[in-house]
Number of protein chains: 2
Amino acid sequence: MGETDAASVDLEIIADGPRSKPETRLWLRMLSTTKLISTEIRKRLRAEFGATLPQFDLMAQLYREKDGLRLGEISKRTMVTNGNITGLVERLEVDGLVLRETPDGDRRVTVARLTARGTEVFAAMAAAHEGWLRDMMADVDPAVISHLWHDVGRVKSSVANHLSGAPDE
Amino acid sequence: MGETDAASVDLEIIADGPRSKPETRLWLRMLSTTKLISTEIRKRLRAEFGATLPQFDLMAQLYREKDGLRLGEISKRTMVTNGNITGLVERLEVDGLVLRETPDGDRRVTVARLTARGTEVFAAMAAAHEGWLRDMMADVDPAVISHLWHDVGRVKSSVANHLSGAPDE
DNA sequence: AAGGGATATTTCAAATGTCAAAGGTTTGAC
DNA sequence: GTCAAACCTTTGACATTTGAAATATCCCTT
């Protein structure tokens with residue numbers, strides 16, 4: 001019968017290429033690790049809060065900006081395309097977690113911000129979220145974690161400087 | 001008028017939480033970095049080969065197993081859910097890159113493997129793929145890359161051991 | 001050989017994601 | 001003032017993803 005269907009990713013035998021270049025091996029490992037974590041977070045968000053990961057991301061942005069954010073700004077911060085923000089915010093508004101309004105100055109703009117209830121709900125989600133991550137990474141030395149944070153930052157910078165779209169200069 | 005709409009992700013100012021726990025900060029940074037890279041790879045795969053990232057992942061698995069793989073096995077290795085494999089393989093079959101067959105022994109099973117043309121096409125994609133990654137990570141010290149590979153592996157192991165689904169024992 | 005339970009794949013609805021174009025608004029040059 | 005260009009959001013057409021349920025097949029016990 002219908003079971004959980006989720007690819008029960010047993011572990012790290014996911015096939016990081018054995019004879020690939022270092023950059024490729026790192027990439028594959030980052031990709032599978034990220035997917036592992038996000039699948040887990042998605043599962044827990046759904047189970048405990050009935051929320052999705054994109055919704056969580058969006059609310060996280062609004063949580064930091066009590067005055068709200070323009071939709072375009074949300075798009076940039078979450079790396080979610082514009083067209084997508086519309087529906088996302090719409091659903092959150094229906095749930096009473098987010099509220100949309102047009103500022104007086106510029107009627108092209110729509111600003112979204114958390115409702116009181118949205119703020120409350122997000123605070124709970126964020127706390128849980130942090131706990132989940134701490135649990136999942138419990139076996140990793142704290143020093144390694146901050147070191148990783150630093151080095152992944154280097155990778156991110158390098159990548160950002162070598163995109164095909166906008167060569168930075 | 002209709003422009004490119006893609007959230008022109010300028011760089012690392014994506015908002016890694018400033019006062020979050022280290023684990024959360026690492027997670028957010030890994031997530032945004034991964035997204036940055038995969039968006040770029042997706043773009044190039046599409047432009048140069050007319051392929052999608054999941055298709056590439058799938059073919060990568062088949063490339064290593066000349067005798068083919070069961071769909072469920074592909075699902076586990078690529079972390080793509082079962083339901084997804086079906087359509088993915090279907091499209092690749094239409095394109096003549098992959099071929100499906102049911103082994104005599106067990107008619108529940110479907111085995112997919114690359115066609116001659118699929119093998120050829122994938123080899124080209126893999127070479128390009130490796131080059132893109134080398135370019136993107138060009139500013140990162142090789143020692144940092146292999147160190148990262150190692151440490152991300154630790155994170156992955158830890159996470160794998162703390163999933164809600166199968167607590168390992 | 002019949003049935004229950006496990007396996008493997010497929011199907012389905014809802015949410016998300018991309019890309020491209022269309023709608024309103026504002027701004028600035030004239 | 002008026003018009004064109006720039007700006008912000010929404011729409012629309014589709015492909016993909018997820019989670020869960022439905023199908024189909026096999027295996028084991030009786």
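Just so it is clear, the structure is predicted and the values come from calculations on it, not from any experiment. Only this structure's heavy atoms are used, side chains among them; waters, hydrogens and symmetry mates stay out. Residue numbers begin at 1 in each chain, while the letters A, B, ... track the order of the sequences.
C/dG17 atom P lies 17 Å from atom NZ of B/Lys43, rounded to whole Å. One can place CD of A/Glu73 at 14 Å from C1' of D/dT9, the figure rounded to the nearest angstrom. In this structure, the CD atom of A/Glu40 is 11 Å from the P atom of D/dG19, given to the nearest Å. Between the CG atom of B/Leu69 and the P atom of C/dT9 there is a distance of 11 Å, given to the nearest Å. When the C1' atom of C/dC19 is taken as reference, atom CG of A/Asn82 falls 12 Å away, rounded to whole Å. Atom CD of A/Glu90 and atom P of D/dT9 are 14 Å apart (whole Å). Rounded to whole angstrom, the span from the CZ atom of A/Arg42 across to the C1' atom of C/dA14 amounts to 14 Å.
Look at B/Lys35 and B/Glu40 and you find no salt bridge, because none of the NZ, NE, NH1 or NH2 atoms lies under 4.0 Å from a carboxylate O. We find that B/Arg134 and A/Glu23 are not joined by a salt bridge, their nearest charged nitrogen and carboxylate oxygen being 4.0 Å or further apart. At a threshold of 4.0 Å, the pair B/Glu65-B/Arg77 counts as salt-bridged, since one of the basic side-chain nitrogens sits closer than that to a carboxylate oxygen.
Comparing C/dT9, D/dT11, D/dT18 against the side chain of B/Arg70 picks out C/dT9 as the nearest. Of the listed nucleotides (D/dT16, C/dG17, C/dT11), D/dT16 has the atom at the smallest distance from the side chain of B/Gln55. Among the nucleotides D/dT18, C/dT10, D/dT9, the one closest to the side chain of B/Thr86 is C/dT10. The listed nucleotides are D/dT18, D/dT11, C/dT9; the one nearest the side chain of B/Thr81 is D/dT18.
In this model, the phosphate group of C/dG17 is approached by a side-chain N or O of A/Asn84 to a distance below 4.0 Å at OP1 or OP2.
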Identify each atom pair where a protein N or O and an N or O of nucleotides 1-3 of chain C are less than 3.5 Å apart, giving names and distance.
none

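Contacts between residues 93-111 of chain B and DNA chain C, defined by a heavy-atom separation under 4.0 Å, are made by B/Arg100, B/Arg108, B/Val109, B/Thr110.
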ring-ring contact (aromatic ring centres under 6.0 Å, His included) between B/Phe49 and B/Phe56: does it pass, once the steps are laid out?
CA-CA 10 Å; B/Phe49 297 97; B/Phe56 176 78; 8.6 Å; no
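Residues B/Thr110 and B/Glu101 bring no donor and acceptor atom of their side chains to less than 3.5 Å of each other. A side-chain N or O of B/Ser32 and one of A/Lys156 form a donor-acceptor pair less than 3.5 Å apart. In this model, no donor atom of one side chain and acceptor atom of the other lie less than 3.5 Å apart for A/Asp141 and A/His147.
By the 4.5 Å heavy-atom criterion applied to side chains, B/Arg113 and B/Asp67 are not counted as neighbours.
For the pair B/Arg46 and A/Gly87, both in contact range of DNA chain C, the more 5′-proximal nearest nucleotide belongs to A/Gly87.
B/Ile85 comes within contact range of no nucleotide atom at all, as no heavy-atom separation falls under 4.0 Å.
In the displayed structure, B/Arg46 atom CZ is contacted under 6.0 Å by at most 12 heavy atoms of other residues, nucleotides or ligands.
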